[in-house]
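Residue numbering restarts at 1 for every chain, and letters A, B, ... go by the order of the sequence lines.
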2 protein chains.
Amino acid sequence: MSFALRIRNWFRHRRAIWPPGKGHVQARSAITLDAIFEATIQVLLAEGLNRLTTTRAERAGVSVGAMYQYFPHKQALLYALNERYLEIVAEKVEIACRKHHGAPISQMVDGLVTAYWEAKTERSDVTRALYRSAVELDNDALIEAFAHRVDVATIAMFESASNASYADLPLVNTTLLAVIFGTVRNIFERDLPPSLQDNVREQLAMMCLSYLKAAAFKH
Amino acid sequence: MSFALRIRNWFRHRRAIWPPGKGHVQARSAITLDAIFEATIQVLLAEGLNRLTTTRAERAGVSVGAMYQYFPHKQALLYALNERYLEIVAEKVEIACRKHHGAPISQMVDGLVTAYWEAKTERSDVTRALYRSAVELDNDALIEAFAHRVDVATIAMFESASNASYADLPLVNTTLLAVIFGTVRNIFERDLPPSLQDNVREQLAMMCLSYLKAAAFKH
DNA sequence: ACCTGAACACCGTTCAAGT
DNA sequence: ACCTGAACACCGTTCAAGT
């Protein structure tokens with residue numbers, strides 16, 4: 001059974017034992033959950049992944065027992081944190097894709113790279129911390145789900161392009177996303193000086209565009 | 001003080017206390033070191049990063065004390081393992097770069113992508129395990145050293161191109177490497193089906209080439 | 001000059017008791 | 001329906017003793 005599924009079952013199990021309450025009790029659990037996420041990010045940023053401990057969580061105001069009421073183990077917490085974060089990034093990319101529907105491919109590529117880049121750069125400390133917090137088991141499933149969601153959005157966008165079409169759009173699109181996701185991660189990992197980062201980002205957009213032009217049947 | 005430097009000092013400190021011996025005694029330490037690396041990779045592949053424990057190392061025939069004679073802490077072991085691995089990859093890329101000296105850029109790009117890809121794919125289980133074992137502190141320095149070494153090799157290669165030259169080769173080259181390194185990692189992370197992997201690899205080479213063509217002053 | 005493994009501090013996880 | 005924190009098992013690291 002997959003990791004994501006095991007966690008989902010664990011939640012279901014908990015709800016079966018304690019069916020959801022109402023009003024302030026319900027609110028309390030949401031508050032605790034937010035507090036856990038908040039404390040986790042704080043510790044992650046200030047101390048790093050291997051100093052993310054129960055002791056430090058307690059110092060940050062979250063008791064051990066409370067944590068284990070929401071997550072079956074530490075990995076599940078990190079998994080949920082990544083899921084939450086990727087959700088936000090995916091949504092921003094989807095919005096950008098919808099915005100450029102029917103546009104020429106040059107605008108699409110630019111919009112896509114910009115949206116993804118900005119979603120990652122907005123809180124670059126969090127982005128870097130989460131890149132490093134990669135869950136051991138089933139991290140693949142998380143990445144896969146994210147990649148698929150973005151894939152659907154960008155395919156729909158490129159299909160609507162006013163000035164190009166493709167013999168094998170799925171392949172072209174998969175390549176394009178692998179390149180964008182991968183390159184952005186690489187830049188974060190290398191911690192290049194900001195001005196160079198911007199230049200590389202610009203070159204990346206140019207590179208994607210020249211690829212899309214080379215691979216297209218032009219209209 | 002950087003992590004790499006601290007480790008180097010630690011080694012120096014040890015040698016000061018026990019200056020290097022000769023013959024079979026010297027050989028013994030080399031054998032132990034290899035045994036440690038071997039055991040580490042075995043456990044990493046079989047059990048994963050967070051089950052890489054001293055207990056399991058002992059079961060694999062390496063005593064705790066022996067490990068701490070060679071590495072000041074667990075992170076240092078993983079650091080050394082990554083360093084060793086990147087050393088091999090860098091050398092393969094350098095060889096490929098020398099081989100395509102003076103060739104047309106299409107052959108250069110193809111040779112570069114192929115060399116890097118094959119170096120990573122040769123033991124894809126090890127590659128994936130090491131991607132995940134990223135050291136907390138100073139992993140950047142490791143990646144940076146590797147990137148710089150490859151950078152020097154590829155710049156030298158592209159400068160010798162028979163059919164193109166560039167206004168800003170350092171930027172073009174940095175972009176190209178970020179794209180290749182990043183995309184390959186992304187493909188490993190996503191664990192795409194092998195046939196699709198090959199297709200993406202092919203598209204990647206094509207993409208790099210179309211970028212280099214677009215960015216060049218042609219001869 | 002190097003290896004062994006018991007000892008210790010700390011971390012992940014559980015669970016009885018509380019509200 | 002949710003929270004607390006002491007208790008326990010296990011892991012990273014040290015160090016006295018061995019060869």
Side-chain angles (χ1 to χ4, degrees), chain A residues 6-7 10-36 39-40 43-44 47-79 133 135-137, chain B residues 6-7 10-36 39-40 43-44 47-79 133 135-137:
Chain A
R6 264 191 288 128
I7 293 177
W10 184 87
F11 274 112
R12 204 170 292 140
H13 175 68
R14 282 205 54 81
R15 286 210 201 87
I17 300 171
W18 297 289
K22 286 169 187 181
H24 76 279
V25 179
Q26 184 74 325
R28 185 155 61 122
S29 88
I31 288 166
T32 307
L33 199 63
D34 273 344
I36 292 173
T40 306
V43 177
L44 220 47
E47 312 253 12
L49 184 60
N50 52 21
R51 288 179 211 232
L52 180 70
T53 69
T54 46
T55 318
R56 261 167 265 262
E58 282 189 306
R59 229 179 290 154
V62 175
S63 84
V64 216
M67 272 200 42
Y68 280 86
Q69 206 145 56
Y70 292 90
F71 303 99
H73 39 65
K74 192 182 173 183
Q75 293 290 315
L77 168 59
L78 291 171
Y79 185 94
S133 77
V135 183
E136 177 113 327
L137 199 52
Chain B
R6 264 191 289 127
I7 294 178
W10 184 88
F11 273 113
R12 203 170 293 141
H13 175 67
R14 282 208 53 83
R15 286 212 202 87
I17 299 170
W18 296 290
K22 285 168 188 182
H24 77 280
V25 179
Q26 185 74 326
R28 185 153 61 122
S29 87
I31 287 167
T32 306
L33 199 63
D34 273 344
I36 291 173
T40 306
V43 177
L44 220 47
E47 312 251 13
L49 184 59
N50 52 21
R51 288 180 210 234
L52 179 71
T53 68
T54 45
T55 319
R56 261 168 265 263
E58 282 187 307
R59 227 179 290 154
V62 175
S63 85
V64 215
M67 274 200 42
Y68 279 87
Q69 206 144 55
Y70 293 90
F71 304 99
H73 39 66
K74 193 182 172 183
Q75 293 290 314
L77 168 59
L78 292 171
Y79 185 93
S133 77
V135 183
E136 178 113 325
L137 199 51

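Rounded to a whole Å, the CD atom of B:Gln75 is 14 Å from the C1' atom of D:dC11. In this structure, B:Arg59 places its CZ atom 11 Å from P of D:dC10, rounding to the nearest Å. Between the NZ atom of A:Lys74 and the C1' atom of D:dC11 there is a distance of 12 Å, rounded to whole Å. Between the P atom of D:dG12 and the CG atom of B:Leu52 lies a distance of 7 Å, rounded to the nearest Å. Atom CE of A:Met67 and atom P of C:dC15 are 17 Å apart (whole Å). Between A:Phe71 atom CZ and D:dC3 atom P the separation is 12 Å, expressed in whole Å. Here D:dT13 presents its C1' atom at 14 Å from CG of A:Asn50, a figure rounded to the nearest Å. Rounded to an integer number of Å, the gap from CZ of A:Arg51 to P of C:dG12 is 13 Å.
Between A:Gly65 and B:Val62, it is B:Val62 whose nearest contact on DNA chain C lies nearer the 5' terminus. Between B:Ala66 and A:Val64, it is B:Ala66 whose nearest contact on DNA chain C lies nearer the 5' terminus.
By the 4.5 Å heavy-atom criterion applied to side chains, B:Leu52 and B:Lys74 are counted as neighbours. Annotation: side chain of B:Gln75 is in contact with side chain of A:Asn50 (closest heavy-atom distance under 4.5 Å).
Remark: A:Tyr68 is not in phosphate contact with D:dT4, judged by side-chain N or O atoms under 4.0 Å from OP1 or OP2. Residue A:Thr55 places no side-chain N or O under 4.0 Å from the OP1 or OP2 atom of C:dC10. Not one side-chain nitrogen or oxygen of B:Tyr70 sits closer than 4.0 Å to the OP1 or OP2 atom of C:dC2. Taking side-chain N and O atoms only, A:Ser63 has no distance below 4.0 Å to OP1 or OP2 of D:dG5. Residue A:Gln69 has a polar side-chain atom (N or O) positioned under 4.0 Å from OP1 or OP2 of D:dC3. Using a 4.0 Å cut-off, some side-chain N or O of A:Thr54 falls inside it from OP1 or OP2 of C:dG12.
Summarising the geometry of B:Arg56 relative to B:Arg51, their closest heavy-atom pair is NE-O, 2.7 Å, with the distance given to 0.1 Å. Listed here is the closest heavy atom pair of A:Glu58 and A:Ser63: CG-CA, 4.0 Å. Taking all atoms of both residues into account, the shortest heavy-atom contact from A:Leu33 to A:Tyr70 is CD1-CD2, 3.4 Å. Scanning both residues, B:Leu49 and B:Leu78, for their nearest heavy atoms gives CD1-CD1, 3.9 Å.
In this structure, B:Arg56 reaches the sugar-phosphate backbone alone: every heavy-atom distance under 4.0 Å involves primed, P, OP1 or OP2 atoms, never a base. Among the protein residues, A:Thr53 comes within range of the sugar-phosphate backbone only, with heavy atoms under 4.0 Å from sugar or phosphate atoms but none that close to a base. Across all strands shown, B:Leu77 has no heavy atoms under 4.0 Å from either base or sugar-phosphate atoms.
In this structure, D:dA1 forms a base pair with C:dT19, meeting either the Watson-Crick or the G-U wobble geometry with both donor-acceptor distances under 3.5 Å. Shown here, D:dC8 forms a base pair with C:dG12; the pair counts as Watson-Crick or G-U wobble because both key distances fall under 3.5 Å.
Of the candidates D:dT13, D:dG5, C:dC3, the closest approach to any side-chain atom of B:His73 belongs to D:dT13.
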